[in-house]
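Have a look at the structure below, then the notes.
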Amino acid sequence: MSSDEKSWILDTLQELIAINSVNPANDGPGEKEKCDYLERLIKSWGFKVKRYSPKDDKGIERPSLIVRVAGKDQSKTVWIIAHVDTVAPGDLSRWDSNPFELRVEEIDDDVKVYGRGVNDNGVGIMSCLLLLRRIKNDSLVPNYNLAIAFFADEEAGSRYGMYWILENTDEFKKGDFAIVPDAGNEAGDWVEIAEKGILWMKIIVEGKQAHSSMPHLGKNAHLHSMQFNHALYERLHEKFSDENELFEPSWSTFQPTKKELNVEGINTIPGNDVVYWDARVLPRYTIEEVLEEIKAFSRAYAHLQGVNIQVETVMAEGASSVNPESWIVKSLQTSVSNVLGIKPRLIGIGGGTFAGILRKRGIESVVWSVQNEKSAHQVNEWELMSSYLKTANVFHNLFF
Ligand SMILES: [Zn+2]
């Protein structure tokens, strides 16, 4: 079975990677063509595939697929959820090969594959496909109901994927369990059971535009923005300084990230300056109290300096966690031990997976897979053949 699976993995990956599924938020074509491929393949194995195809605000079809396999014990449903979209390839000159053409490298005892999406979320997609293929080839019946999902739009906030499904369908039921193979490491020795809260903000500082030779006639929004954002950075780290060793890093993080163009000309004092922040907050703080602090701090600064500061929330998702004694945590730990011979430890991360969204809706969820943890979203994205197989083998152990 194993060598047959290896050549099947390479053939299938080659076709999958050749289909560009970059998220439209990164100016890509989206998930349609890759979902067409997956749907055809899975249907050819005799499974029913449910397809949801909402259109986004650009009019692009954003399909998600769900495949259900009835289990011996119908009282439990366990989801495995992968995502079909990818981030953009980035600077093509820094890739050693075409990101949309699978490159294969034989290494000691393994095969290394390169291409956009081989890791994120190729590990999720390929492990789910392997599981379905084994079910079909060996007429397996899972111990519990199995629900496999291939979702759209994970890389840009899941509005047309996970959130759309939750808002417009009743696919997910309270009491279901979920595994999200969208993060992990090469050893497969941790299971993620908690996520920090996420707050994305847009901070607009308004001053007064002027010629840069006459700064006294204006109010330099860029200068105030730098001063304000730096002071805010210090303030937030000081105020929300608790640590929690479950997480890496163990503290809350507050980072100014994206910067909008303020003026075209070097000789213009900017009247407006826009900076975005990405904050990842430990569960012991609420997103609301962090926002409250930011707003109070900005009011005080604006008042003192005679500028106007607006704080807008771009995205907010509270922290989440699942009980370490939960059935799904224990079962997955046991399967990892059975297959890989290691006892995985429990960890928390900076947040942002499907598991965080589902936990808050009564679906106990864990994040686990075997994958390299260095190459997601990078140029020369790579993965090992063994990662797909080990991830699938652990799922196999859990379900059969
Ligand atoms: Zn991902």
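Whatever order the structure lists them in is the order used to number ligands and atoms, beginning at 1. Scope of the values below: all heavy atoms of this structure, side chains included, with no hydrogens, waters or symmetry mates.
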Going by heavy atoms in the side chains, are Ile203 and Leu232 under 4.5 Å from each other? yes

Output yes when Glu61 and Lys55 qualify as a salt bridge under the 4.0 Å nitrogen-oxygen rule, no when they do not. no

In this structure, the Zn ion (ligand 1) sits at the vertex of an angle between NE2 of His83 and OD1 of Asp120 that rounds to 10° as 90°

Restricting to N/O/S atoms, is Glu154 within less than 2.8 Å of the Zn ion (ligand 1) or not? no

Cation over ring, Lys202 on Tyr276, under 6.0 Å and within 45°? no

Salt bridge (charged side-chain N to carboxylate O under 4.0 Å, His left out) partner of Arg62, chosen from Asp85, Asp56, Asp57: Asp56

Of all N/O/S atoms in Asp182, the name of the one nearest the Zn ion (ligand 1): OD1

